[in-house]
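What follows is a short report on a single structure.
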Amino acid sequence: MALLEIKNLSFSYPDSEKKALENISLKIYSGEFIVICGKTGCGKTTLLQLIKRELSPAGKKSGNIYYKGTDTENLDARSACFEIGFVMQNPENQIINDKVWHELSFGLENMGLPSPVIKRRICEMSSYFGIEDWFFRDVDELSGGQKQLLNLASVMVTQPKILILDEPTSQLDPIAASDFFATLQKLNRELSLTIIMSEHRLEDVFPAADKVLLMKEGGMQKFDSPEIVCKALSKSDPMLHSMPAAVRIYNGLNVDAPCPISVKEGRRFIEENFANRIKSFTEKPYTHKSKAALEMKDIYFRYGKDLPDILCGTNLTVYENEIYCILGGNASGKTTALGVCAGILKAYSGRITVFGKKIADYRNGDLYKNNLALLPQDVQTVFSEKTVRADLAEIDSDLMSFPFDITGLLDKHPYDLSGGEQQLCALAKVLMQKPRLLLLDEPTKGMDAFMKRRIAKILDKLKSEGMTIVIVTHDLEFAAGCADRCALFFGGEIVSCDVPSAFFSDNSFYTTSVNRMTRGIYDNIITAEAAIELCRQNGVKNDKEDS
């Protein structure tokens, strides 16, 4: 018998004629690792929330969800609450206690377990997840990656039979995300835990998945093994851009060979099928404008007099009309640096200039009048009205001046939009200020690859019109595809900066999957498009024909 069975499930939100889910039917067996993927707004989160009864959204539902043969609506409260665990996308939304150990014990206390059992479980779980060093710390002191790991441990301590995760790594840096995925694989392998996870970062999870549910506009496009799902995608399917790099490279080359899924398989695919006489492309030398749009000189900042410095002598120069991406670990100071540059936070030492003028010399809001605009990491803070149209009208009544179309979103409540749609509308509101310098904090968070490509095209168009753009991001592939320069932020300062090909090719972990896949075969290749083109130029080995 299936551990979880979904039969003819459909769902629509209040006052919406369009169904968020339509006729979903599938079976999930004990110990399976299921990955759910699809374009932003396709219904992934809605499906996961309906499985977790306590998080089910309001709306019209038809069909059934069965857990161990019992409809989830008829499950006893204890089973529904503790046997089906849920880890949210934003760790801040799930943590409710002040101390780490309080958070770990909270669920067990609600289960009514004896104190000795609670102590044993939280100590064992702390050891398993390696969080003993911060067991007694305040939750506010933890990084984003630590908070998400705490969320996972807090759910696992109740010993769930099913673990549901809704894009759990969207706010984690690449190394923290990789560690988080490794922990999930360990739980699945060693505890035979059934895992159901929606995710846009498919590079690490696809090789671990038993099955992949590919969703499209609320329905099931495919539910099968990763290999079969990848082979079923046509070259024109937008979801192909979301697939692991090895899959994208395979689909861009006509070779009669098994479809690779992982970096290891992708490397073998290239080595066995393509020559490497041509090792790299000739690159244009980096050039820049003579004037700087943004400069930070020896900046020091702390959040309190008795607290440690977050920015420690930070130096940064961004030239006019370039896209500059800042990468680095969670809690390294990237967002703080943007806040200081935007004048929201005030450094206690150092100098910041925007278009050659000290930031302190801007008066009466002139800094934000056709000069500088910031899109924050939490874009929901940008909205204050009941519709997108009303929100944008606060800035300007002309709603048709954007470099992209959001007409279909104007009459919706901002909080009813998907993550990617919220980003677009928030970006539209920020662009209505007509800035020359645009600061973006994690603009692709929670977006599918199709939406990321759309954002990249928008930014490229803005750059062509003369705008300077500074982006803080964990998205290595996005930075590799759109940046003029990339910088690594560590310990409160910029420690390295270079053009993307040199920057990523010299890194071991802060690099793209394509670079890890092609390193040693080809030189300075960081995108799937570049890898495909170089494979074509080299030709197929053994006189095979490459169309």
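What you see is a predicted model, and the numbers here were worked out from it, not measured in a lab. Worth knowing before you read on, the calculation uses all heavy atoms, side chains too, and leaves out hydrogens, waters and symmetry mates. Note that the numbering runs from 1 along the sequence shown for the chain.
Under 4.0 Å is where a charged nitrogen must lie from a carboxylate oxygen, and between D498 and R485 no such pair does. Checked for salt-bridge contact, D391 and K429 meet the test: a charged N lies under 4.0 Å from a carboxylate O. By the 4.0 Å N-to-carboxylate-O rule, E272 lies too far from K541 to be salt-bridged with it. In summary, R389 and D411 engage in a salt bridge, as defined by a charged side-chain N under 4.0 Å from a carboxylate O. E54 and K52 are joined by a salt bridge, as a carboxylate oxygen and a charged side-chain nitrogen come within less than 4.0 angstrom of each other.
Contact record, M197 with P168: SD-CG, 3.7 Å, taken as the closest heavy-atom pair. Closest non-hydrogen pair, S262 versus A246, comes out as O-CB, 3.5 Å. Considering every non-hydrogen atom in both S505 and R519, the closest pair reads O-NH2, 3.3 Å. Across all non-hydrogen atoms, the minimal contact from A528 to V514 is N-CG2, 3.5 Å. Here the shortest heavy-atom pairing between G38 and H200 reads O-CE1, 3.4 Å. Taking every heavy atom of both residues into account, L163 and M156 meet most closely at CD2-SD, 4.2 Å.
With hydrogens and angles disregarded, a donor-acceptor distance shorter than 3.5 Å links the side chain of N251 to the backbone of V247. In this structure a side-chain-to-backbone donor-acceptor pair under 3.5 Å is present from N515 to I525. Of the possible donor and acceptor atoms, none in the side chain of T72 sits under 3.5 Å from a partner among the backbone N and O of Y66. Side chain of N151 to backbone of V87: no donor-acceptor contact under 3.5 angstrom is found. Panel note: side chain S332, backbone G329; a donor-acceptor pair is recorded below 3.5 Å. In this structure a side-chain-to-backbone donor-acceptor pair under 3.5 Å is present from D210 to F33. Using modelled atom types, no side-chain atom of R516 and backbone atom of S508 make a donor-acceptor pair closer than 3.5 Å. Checked by atom type and distance alone, the side chain of D237 never pairs as donor or acceptor with a backbone atom of L233 at under 3.5 Å. Within the 3.5 Å criterion, the main-chain N or O of I526 finds a donor-acceptor partner in the side chain of T512. In this structure, the side chain of T518 does not engage the main chain of I521 through any donor-acceptor pair within 3.5 Å.
Between F269 and F274, the two ring planes are perpendicular [angle over 60°; tilted spans 30° to 60°]. Between Y13 and F11, the angle of the ring planes goes over 60°, which puts this pair in the perpendicular group of the 30/60° scheme.
By the 6.0 Å and 45° rule, K334 does not stack over the aromatic ring of F489.
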Run the side-chain hydrogen bond (donor to acceptor under 3.5 Å, both in side chains) test on D166 and S198 for me, step by step, so that the C-alpha distance in whole Å, both residues' side-chain angles and the decisive distance to 0.1 Å come before the verdict. CA-CA 5 Å; D166 186 14; S198 71; 2.8 Å; yes
Is there a salt bridge (Lys or Arg N to Asp or Glu O under 4.0 Å) between E227 and K231 once you walk through the steps? CA-CA 6 Å; E227 293 80 5; K231 272 188 169 291; over 6 Å; no
Stepwise salt bridge (Lys or Arg N to Asp or Glu O under 4.0 Å) check, E477 with R248: CA-CA 13 Å; E477 289 207 11; R248 284 177 278 143; 3.1 Å; yes
Apply salt bridge (Lys or Arg N to Asp or Glu O under 4.0 Å) to E322 and K463, showing your working. CA-CA 7 Å; E322 76 169 333; K463 176 192 165 185; over 6 Å; no
I'd like to know whether C425 forms a side-chain contact (heavy atoms from CB on, under 4.5 Å) with L417, so could you lay out the CA-CA distance, the side-chain angles of the two residues, the decisive distance to 0.1 Å, and finally the verdict. CA-CA 9 Å; C425 293; L417 304 177; 3.7 Å; yes
Before you tell me yes or no, could you show the steps for Q148 and T169 under side-chain hydrogen bond (donor to acceptor under 3.5 Å, both in side chains), namely the whole-Å CA-CA distance, both residues' side-chain angles and the distance that decides it to 0.1 Å? CA-CA 8 Å; Q148 196 62 297; T169 68; over 6 Å; no
For I51 and I6: C-alpha separation, side-chain torsions, deciding distance, then whether side-chain contact (heavy atoms from CB on, under 4.5 Å) applies. CA-CA 9 Å; I51 297 173; I6 300 174; 4.2 Å; yes
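The side-chain heavy atoms of Q221 and M215, taken from C-beta on, include no pair separated by under 4.5 Å. Side-chain contact between Y510 and D173: present, with at least one pair of heavy atoms (C-beta onward) separated by less than 4.5 Å. Under the 4.5 Å side-chain criterion, counting only non-hydrogen atoms from C-beta, Q380 is in contact with Q422. I28 has its side chain out of reach of L3: every pair of non-hydrogen atoms, C-beta onward, lies at least 4.5 Å apart. Side-chain contact between Y522 and I270: present, with at least one pair of heavy atoms (C-beta onward) separated by less than 4.5 Å. Counting heavy atoms from C-beta outward, R536 and L253 have side chains that approach closer than 4.5 Å. Within the 4.5 Å cutoff, no side-chain heavy atoms of P91 are placed close to those of Q94. For the pair L9 and S25, the minimum side-chain heavy-atom distance is 4.5 Å or more.
In R453, the CZ atom is not crowded: 12 or fewer heavy atoms of neighbouring residues, nucleotides or ligands sit closer than 6.0 Å. Heavy atoms of other residues, nucleotides or ligands lying less than 6.0 angstrom from NZ of K216 number 12 at most. Within 6.0 Å of atom CZ in F490, 12 or fewer heavy atoms from other residues, nucleotides or ligands are found, so the atom counts as exposed in its surroundings. The 12-atom threshold is exceeded at NZ of K61, counting heavy atoms of other residues, nucleotides or ligands nearer than 6.0 Å. Heavy-atom contacts from other residues, nucleotides or ligands closer than 6.0 Å to CG of D506 number 12 or fewer. Remark: K279 NZ is packed, more than 12 non-hydrogen atoms of other residues, nucleotides or ligands lying under 6.0 Å away. The number of heavy atoms from other shown groups lying within 6.0 Å of NZ (K284) does not exceed 12.
Residues satisfying the side chain to side chain contact (heavy atoms under 4.5 Å, CB included) test with Q377, not counting sequence neighbours, are Q171, T335, D441, E442, K445. F509 is linked by a ring-ring contact (aromatic ring centres under 6.0 Å, His included) to nothing, counting only residues two or more places apart in sequence or in another chain. For S192, there are no side chain to side chain contact (heavy atoms under 4.5 Å, CB included) partners two or more places apart in sequence or in a different chain. With sequence neighbours left out, the side chain to side chain contact (heavy atoms under 4.5 Å, CB included) criterion links K211 to E32, I34, F223. Partners of Q89 by side chain to side chain contact (heavy atoms under 4.5 Å, CB included), not counting sequence neighbours, listed by chain and number: E167, S170.
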Sequence neighbours left out, cut at 3.5 Å: what donor-acceptor pairs do the side chains of residues 180-191 make with other protein atoms?
| unit_1 | atom_1 | unit_2 | atom_2 | d |
| --- | --- | --- | --- | --- |
| T183 | OG1 | D179 | O | 3.0 |
| N188 | ND2 | G31 | O | 3.1 |
| N188 | ND2 | L193 | O | 2.8 |

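With respect to M467, the side chain to side chain contact (heavy atoms under 4.5 Å, CB included) criterion is satisfied by exactly one of I323, L437, L438, N321: L438.
A distance of 10.0 Å separates CG of L213 from CD1 of I196, quoted to the nearest 0.5 Å. The distance from the CG atom of D523 to the CD atom of E283 is 10.5 Å, given to the nearest 0.5 Å.
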